[in-house]
Amino acid sequence: MTVTTSYQGQIAVVSIDNPPVNALSKHLRHDLLDAVIRLDAEPAVEAVVLACEGRTFIAGADVNEFGKPPEAPHLPDVVASIEHAKKPWVAAIHGNALGGGLEIALGCSYRLAAPKTNFGLPEVKLGIIPGAGGTVRLPRLIGVEAAVDLATSGAVIGTDKARVLGLIDTVVEGDLREGAVSYAQSIVGLPKPPPLSLRSAPQKDGDFWGQAESTVRSKSKGEIAPSKALASIRNATEVDFHAAMAFERSTFLDLRASKQAAALRHVFFAERAAPRPPELNGVPALEIRSAAVVGGGTMGAGIIAALRNAGLPVILIERDEEAAERGLSNVRAIFDGLVKRSRLTAELAADRLAGVQTSTDYDTLKDVDLVIEAVFEDLVVKQAVFKSLSEACSAEALLATNTSYLDPNQIGAHVENPERFLGLHFFSPANVMKLLEIVPTSVTSPEAVARGIALARLLGKIPIRAGVCDGFIGNRLLKVTRAQAERLLLAGATPSAVDAAMRQFGMPMGPFEAQDLGGLDIAAFQRKAARTRGEAVFAPIADRLCEIGRLGQKTSGGWYDYAPGDRKPLPSDVVAGIISSEAGDRPSFPWDGETIAEAIIFPMISEGAAILDERIALCAADIDLVEIHGYGFPRWRGGLMHYGLEVGLTNVVERLKDLSSQGLAPTPSRGLVEAVVSGSFGG
Ligand code: NAD
C-alpha cells in the first residue's frame, strides 16, 4: 500500500509511503484519490492530515513516467479532489515539496512545514511547466511576482522564505505529524477556507508583463519553458480558473512532447547514471577522510576549496615556505570572494581556511587518504612529485594527477603500487565547475576508479571516465572548436561574428572571448608540447598573436582590444591585419550565425564520434555531460552528441563533406560514418 489511513479522534492521518522520495506515481495518485472519496464518506472525520513517511514529502513526479503518455488518474484531478473535499486537508510537509508535490500541497486547505523544508516548481528544468495548477494556484496564494520567480527559474526556496511569502501557514518545530494533528484539531468546527480555485487572481498591467518577459528571455537564453511558464501565469490572471487550468495543461502537454524536454530528460538521466556505473557495482571504495594537494596555484587552490567545502581536512604541499603562503592566500581569496558575494558566512569561511594546513615536507602526508597533484604542467616535475609521494604516503592512499594534457601513464610510471594512481582532471574554477574527468592508466584498479567516483560524489561533482589521449575528452574537443573557429576567420568570418553565433547557439561565450578571458598562453604552451611530439596543430592566427604578446585581457589585447580596466571586447585592427595576411587569397564565404555554428559544432560531433570509436569516452551521454558541465554547452540541446542525433547524423556528415571539400573542416571521422550506418553512437 502506498497510502494508509490512521485516526486520532476526529482527525484522519493519510500517510504516503512510496520510497525513496514519495514520487507521484500512478498508484499513488490512484490511492490518494481513493482516500479523498473514502474520508469524505466518514462522518466521524472532521479534518485530514496529509503526511509522508521517510525523508521527504512528495518530492515530485515519478521519473519512471517521464516522457511516457500520461495515465489516469491525472494529477490535476487528484489536486482538485483534495481541494473540493468536504473536510479540510492539512499538508504536513518535510524534506522536499517540489513540482507535483507542491501542487498537491496547494490543493490542501492548510500547509504546515518542518524547518529546512524545500519548496519549488522545478518543471522548467525539464523543459516543461507545472501541469496540475502550479502556475494557476500559486499566484493566487503568494502573488504574481513570487510565483513568476519560482515557476520561471525552477529555483527552490526554504521554509523561512516560504513562510514570508505566505506559501505555508505555520512552521512546526517539534514532531511534524503531532504538530499537524494538533493544528487539525484546532480548526475543527471552523468553516473550511475557500479553495485557491475560488480566489480571484491578482492583476498586473502590460508594462509588468513586458518587463517580466524580457527578463525571463534574457535569463533563459533559448530555453522555451520559462517563457511558457510566464505566459501561463499571465493567462491565469486574465481568464477564469478553469480556462487557466486548461491553458496550463495544454501548454504542459505540448512542452512534454517537445525536443527541448526530450533533451533535458536525456541530461537528467545521464547525470543520474554517471556517478553510479553499473560495472563498478559492488567494487569497494575505501572512504576518503583526509586529503592533500601538491601545488597551490590556480587549480590547487580551487581543488582545496572544493575539498574543504566537502568537510575534508587538507594539507597543501608547496615548493617552499613562500610558495606555501602564496598558495594559502589563493585559497583565502576564494573564500573571501564567496563571503563578498554572500555565498558563505565569514565564520564558515574562517573555519574552511583553518582546515588547510601548509607544509613543504612530504612526511606530513603519511596518514592522508588522497593526494591530488596540481603542479606545473611538466612531466619531469610531476614525476619527481610522485616519487616523493610514493615514498611518503601509505600504500592505500589514492594518488591523482590533475594534468590537462600529459600522459598519466608516464606521470605515474614510477609510482609504487601504481594501481592506486589515476588522473583526476578538474575544471577551472575547480570549486565551482561540476565536471571531474576520471582518467585511469593502463594499471589503475577498479577500486581506485570507484574511489575517484566516490570522491566526485562527495564533492558534488559529475564523474566522467576518460581514456588517455591528448586532452582526454573535454580539451580534445576544445582543440577542434578552436581550430574550426580559426578556419572560419581565414574564410571570411570575423571574431565577433563567430563569438556572436556561438552565443546565439547557446554557449555562454564565444571561442575567442573565452580565450581572451583565460589567456592565450595556456593553449600556446600545449601546442608547443604537441609540436615537440611531432603532432600537427592548426592555430596560425593564435600563434601569431602569442608571438606579439597579445595574450588576452591580461595584456589588454588578444583576439580583441580592451580599453584599460574594461572587459568589453573591441574589434582589433591588428587582429584583422593578421587574419587577412594569413588568409591570403583564400576565398571568403557569406557566413551567417547558423552556418558558423554548424561549421564549429559539426566537426566537434565528428571528433566526439572518434572519441567513442577509440573508447576514450564510454558512451555518448558522457560526452554530452563533459560539454555541458565543462564548457557550458546548452543543456536544453541535450549536449553535443544528443544534438548531433537531433539534427540527424546524415545531415551532419553531408555538411561536413561539403565543408571539408572546401578546406573548411576535417573529413568526417570513421566513428561518425559508422554511427550514420547504425543510426546511433552505440554505448
Ligand atoms: P599554476 O602555475 O597556477 O600553479 C602551479 C603551482 O604548483 C604553483 O603554485 C607552484 O609553486 C607549484 N609547484 C610547482 N612545482 C612544485 C613542486 N615540485 N612541489 C610543490 N609545488 C609545486 O598552475 P595551474 O594552472 O594551477 O595548473 C596546475 C596543473 O593543473 C597543471 O598540470 C595544469 O595543466 C592543470 N590544469 C590546469 C587548468 C587551468 O585551467 N589552469 C585546468 C585543469 C588542469
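Each ligand, and each atom within it, is numbered from 1 in the order the structure gives. These numbers come from the heavy atoms of this one structure, side chains and all, not from hydrogens, waters or symmetry mates.
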Report all side-chain donor-acceptor pairs from residues 302-316 shorter than 3.5 Å, counting only partners two or more places apart or in another chain.
{"residue": "R308", "atom": "NE", "partner": "R352", "partner atom": "O", "Å": "2.7"}
{"residue": "R308", "atom": "NH1", "partner": "L312", "partner atom": "O", "Å": "2.8"}
{"residue": "R308", "atom": "NH2", "partner": "D351", "partner atom": "O", "Å": "3.2"}
{"residue": "N309", "atom": "OD1", "partner": "R352", "partner atom": "NH1", "Å": "2.8"}
{"residue": "N309", "atom": "ND2", "partner": "A305", "partner atom": "O", "Å": "3.3"}

For Y405, check side chain to side chain donor-acceptor pair (under 3.5 Å) against everything at least two apart and list the hits.
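None.
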Show your working on ring-ring contact (aromatic ring centres under 6.0 Å, His included) between F427 and H425 and close with a plain yes or no.
CA-CA 7 Å; F427 285 69; H425 184 223; 4.7 Å; yes
Please say which of R533, R476, R527, R531 ends up in a salt bridge (charged side-chain N to carboxylate O under 4.0 Å, His left out) with D470.
R533
Hey, can you tell me if F386 and F421 have their rings parallel, tilted or perpendicular (30° and 60° cut-offs)?
perpendicular
Tabulation required: pairs of a nitrogen or oxygen in ligand 1 and a protein nitrogen or oxygen under 3.5 Å; columns are atom names and distance to 0.1 Å; otherwise 'none'.
{"residue": "ligand 1", "atom": "3 (O)", "partner": "T298", "partner atom": "N", "Å": "3.0"}
{"residue": "ligand 1", "atom": "3 (O)", "partner": "T298", "partner atom": "OG1", "Å": "3.2"}
{"residue": "ligand 1", "atom": "9 (O)", "partner": "G297", "partner atom": "N", "Å": "3.4"}
{"residue": "ligand 1", "atom": "9 (O)", "partner": "E318", "partner atom": "OE2", "Å": "2.5"}
{"residue": "ligand 1", "atom": "11 (O)", "partner": "E318", "partner atom": "OE1", "Å": "2.8"}
{"residue": "ligand 1", "atom": "11 (O)", "partner": "E318", "partner atom": "OE2", "Å": "3.2"}
{"residue": "ligand 1", "atom": "11 (O)", "partner": "R319", "partner atom": "NE", "Å": "3.0"}
{"residue": "ligand 1", "atom": "11 (O)", "partner": "R319", "partner atom": "NH2", "Å": "3.0"}
{"residue": "ligand 1", "atom": "21 (N)", "partner": "E318", "partner atom": "OE1", "Å": "3.3"}
{"residue": "ligand 1", "atom": "26 (O)", "partner": "T298", "partner atom": "N", "Å": "3.3"}
{"residue": "ligand 1", "atom": "26 (O)", "partner": "M299", "partner atom": "N", "Å": "2.7"}
{"residue": "ligand 1", "atom": "30 (O)", "partner": "N402", "partner atom": "ND2", "Å": "3.0"}
{"residue": "ligand 1", "atom": "32 (O)", "partner": "V375", "partner atom": "O", "Å": "3.3"}
{"residue": "ligand 1", "atom": "32 (O)", "partner": "E377", "partner atom": "OE1", "Å": "2.5"}
{"residue": "ligand 1", "atom": "32 (O)", "partner": "K382", "partner atom": "NZ", "Å": "2.6"}
{"residue": "ligand 1", "atom": "34 (O)", "partner": "E377", "partner atom": "OE1", "Å": "2.9"}
{"residue": "ligand 1", "atom": "34 (O)", "partner": "S404", "partner atom": "OG", "Å": "2.9"}
{"residue": "ligand 1", "atom": "36 (N)", "partner": "S404", "partner atom": "OG", "Å": "3.1"}

Which residues pass the side chain to side chain contact (heavy atoms under 4.5 Å, CB included) test with S329, not counting sequence neighbours?
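By the side chain to side chain contact (heavy atoms under 4.5 Å, CB included) rule, S329 matches R332.
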